[in-house]
Amino acid sequence: MRLTIKEIFELPADGRSIAVKGWVRTKRETKAAAFLEVNDGSRMGNIQCVFDEAAIAACLPELARASTGASVSVEGSLVPSPASGQKLEIKATALSVIGEAPSESYPLQKKAHSMEFLREIAHLRPRTNTFGAVARVRNRMAFAIHEFFQERGFQYVHTPLITASDCEGAGAMFQVTTLDLDRIAKSGEAVDYAKDFFGKPAYLTVSGQLNVETYCEALGRVYTFGPTFRAENSNTTRHLSEFWMIEPEVAFNDLGDNMELAESFLKRLVKTAIEDCAEDLAFFDQRIEKGLVASLQGVLERPFSHMTYTEAVAVLEKNADQFELKPYWGLDLQSEHEKFLCEKIAGGPLFLTDYPKEIKSFYMKQNSDGKTVRAMDLLVPRFGEIIGGSEREENLGLLQDRIRELGLKEEAYSWYLDLRRFGTTPHSGFGLGFERLLLYVTGMANIRDVIPFPRAPKLADF
RNA sequence: UCCCCUGUAGCUCAGCUGGCAGAGCGUCUGGCUGUUAACCAGAAUGUCCCUGGUUCGAACCCGGGCGGGGGAGCCA
């Protein structure tokens, strides 16, 4: 198989004959030499193919067709580069254009394009430096997630994407049906879900957590990593309708263990990005978010801060004049509060714990104060909450009470309650939005730019 | 869902009080002894988002629609 540009850069520049295939990023021509920069996606950097006067003469018609975006094959010899900017280059002897990209119609030219414009050409944007780098980092992070858990004896569990229960009683869900909606609408009949595919209403999952807890209570250390769906009408730079989520769940872990796991997990991912995606991160640091690498390095250097919700509210109340919405105990913290706490007070990642039970999910373990639950959110500078988790309520009676208090249907949770009826254990877990991790690691500003084909309200193109 | 901003050349934008449509980048042509966000010179390029209205006259003002962006809420 042919070598990638990444592999070529690991070879000695000893004049060996070499062939490269990829897409033209830019071409510079003078009378005496032409420079064709080719990229094949294997790394950030291009390989420079140099045509001397003889080569220009030999390749003239092809050189003219090799415009930005064209796919090409270049043959030549691998030599040290006399100019700075690259350690080696290809002294080209032959060029063939495989597929033209006419400059009058090819949307990507050798200039900076806005993220908004690139979103409109999602099928071509991976050919840009930025989106190529995002794709490589995304790939490396996905793999690192599995590495981290597998090294620690976690089992990867595949939870269902289609569910007949509204798992957390939270979040609008996408309905899945094979009923003929047009026909039903025209007939005016009531919908009979007994006739639907599953014999009852079914939805796309908003979380694999409740399902993965069942395997946690059997295998001990488990995690999910898969797509998740939210039909919320959210139009922000931090939300997607379809996103990927990582949800570890560990039997016998308390909230402290849970935070330790989350901290070492996040640090490991950041470390891997710094070490294995150095070229891509350098690009993000230079072009997307100044100081990115230094701030990521800072994350590795010290322990994350901790604060209870009650302590946090006290701090916020002292600074109440800085906020649009005045903080008080019981308030679900706003973005402005979360950013203030981790940016101004903690100066880095911050765990907030022990939230009022009213603003958290029913399954979280209740504290003895009767007011708070063993919840934790990890807040990070730049966008606030990146991880949400908790110790789960393992006491059957307390969990049933909570379900009734919230007016949820106990029958719907019978299998979940069985986990507390039979061999219950303390256990804890959390959820990390994969795309939010990528925002954090790449410095990209909009979550729609860290997933290949974003899904959001009124957005399902490509 | 709410609030704000925005739609003009391929892209990013300027366009004053309503009076002949502009710049930078890209593209093209020419020049240049190795360039690398190349450089120098020249050229081409418009449904001013759509629709209705006001006006002698609308890119500009008003109504409606559609698209894009940011913030908030919901959360991961």
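Just the heavy atoms: all of them, side chains too, but no hydrogens, waters or symmetry mates, feed the values below. Every chain is numbered from 1 and lettered A, B, ... according to where its sequence line falls, protein lines coming before strand lines.
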Side-chain atoms of A/Arg230 come closest, of B/rA76, B/rG26, B/rC28, to B/rA76
A/Arg119 has an atom CZ; how far is it from atom P of B/rG67, in whole Å?
-> 16 Å
Which of B/rA76, B/rG26, B/rU35 is nearest the side chain of A/Phe35? It is B/rU35
Atom CZ of A/Arg448 to atom C1' of B/rG70: distance rounded to whole Å?
-> 11 Å
Can you check the A/Leu88 CG to B/rU35 P distance for me, whole Å?
-> 18 Å
Quick one: A/Asp461 CG to B/rG67 P, roughly how many Å, whole number?
-> 11 Å
Output the single nucleotide from B/rG34, B/rA72, B/rA76 whose closest atom is nearest the side chain of A/Arg238.
-> B/rA72
Nearest-Å distance, CZ (A/Phe51) to C1' (B/rG34)?
-> 14 Å
Report the distance from atom NZ of A/Lys27 to atom C1' of B/rC28, rounded to the nearest whole Å.
-> 12 Å
Among B/rG70, B/rA72, B/rA76, which is the nearest nucleotide to the side chain of A/Phe243?
-> B/rA76
If we call it a pair only when both distances are under 3.5 Å in a Watson-Crick or G-U wobble match, what pairs with B/rG67?
-> B/rU6
Under 6.0 Å from the CZ atom of A/Phe149, do we count more than 12 heavy atoms belonging to anything else shown?
-> yes
Might you list the N or O atoms of the protein lying below 3.5 Å from N or O atoms in nucleotides 29-33 of chain B, with each pair's distance?
unit_1 : atom_1 : unit_2  : atom_2 : d
B/rC32 : OP1    : A/Lys31 : NZ     : 3.3
B/rC32 : OP2    : A/Lys31 : NZ     : 3.3
B/rC32 : N4     : A/Glu29 : O      : 3.4

Answer with yes or no after comparing the ring centroid distance for A/Phe225 and A/Phe434 against a 6.0 Å cut-off, counting only values under it.
-> yes
Can you check whether any acceptor in the base of B/rU1 is under 3.5 Å from a donor in the side chain of A/Glu232, or vice versa?
-> no
For atom NZ of A/Lys267, is the number of surrounding heavy atoms from other residues, nucleotides or ligands below 6.0 Å larger than 12?
-> yes
Report, one pair per line, the protein and nucleotides 13-15 of chain B atoms (nitrogen or oxygen only) whose separation is under 3.5 Å.
none

Counting side-chain heavy atoms from C-beta on, which of B/rA76, B/rG71, B/rU1 comes nearest to A/Ile447?
-> B/rA76
Indicate, with a heavy-atom threshold strictly under 4.0 Å, whether A/Ser84 touches base, sugar-phosphate, or nothing.
-> base
Same-atom distance (C1') from B/rG22 to B/rA59, integer angstrom = 12 Å
Partner of B/rA37 by Watson-Crick or G-U wobble geometry, both contacts under 3.5 Å, or none?
-> none
Rounded to whole angstrom units, what separation is found between the CZ atom of A/Phe351 and the P atom of B/rA76?
-> 15 Å
Taking a pair to mean Watson-Crick or G-U wobble geometry with both distances below 3.5 Å, B/rA72 pairs with B/rU1
What N/O pairs connect the protein and nucleotides 7-12 of chain B at under 3.5 Å? Give each pair on its own line.
unit_1 : atom_1 : unit_2   : atom_2 : d
B/rC11 : O2'    : A/Lys111 : NZ     : 3.4
B/rC11 : O2     : A/Lys111 : NZ     : 3.1
B/rU12 : OP1    : A/Ser114 : OG     : 3.0

Is the A/Tyr156-A/His158 ring centre distance short of 6.0 angstrom?
-> yes
In whole angstrom, what separates A/Asn46's CG from B/rU35's P?
-> 18 Å
Should B/rA43 form a Watson-Crick or G-U wobble pair with both distances under 3.5 Å, which nucleotide is its partner?
-> B/rU27
Contact class for A/Glu89 (heavy atom, under 4.0 Å): base, sugar-phosphate, or nothing?
-> base
Taking for A/Ser103 and for A/Lys339 the nucleotide of RNA chain B with the nearest heavy atom, the one nearer the 5' end belongs to A/Ser103
If you find the nucleotide of RNA chain B closest to A/Asn235 and the one closest to A/Asp332, which residue's nucleotide is nearer the 5' end?
-> A/Asn235
Count the heavy atoms belonging to other residues, nucleotides or ligands that lie under 6.0 Å from NZ of A/Lys326, then report whether that count exceeds 12.
-> yes
A/Arg221 NZ/CZ over A/Tyr223 ring centroid, <6.0 Å and within 45° of normal = no
Select one nucleotide: of B/rA76, B/rA72, B/rU27, the one nearest the side-chain heavy atoms of A/Thr236.
-> B/rA72
Of the candidate nucleotides B/rA76, B/rG69, B/rG73, which contains the atom at the shortest distance from the side chain of A/Leu240?
-> B/rA76
Under-3.5 Å donor-acceptor pair between A/Ser234 side chain and B/rC74 base | yes
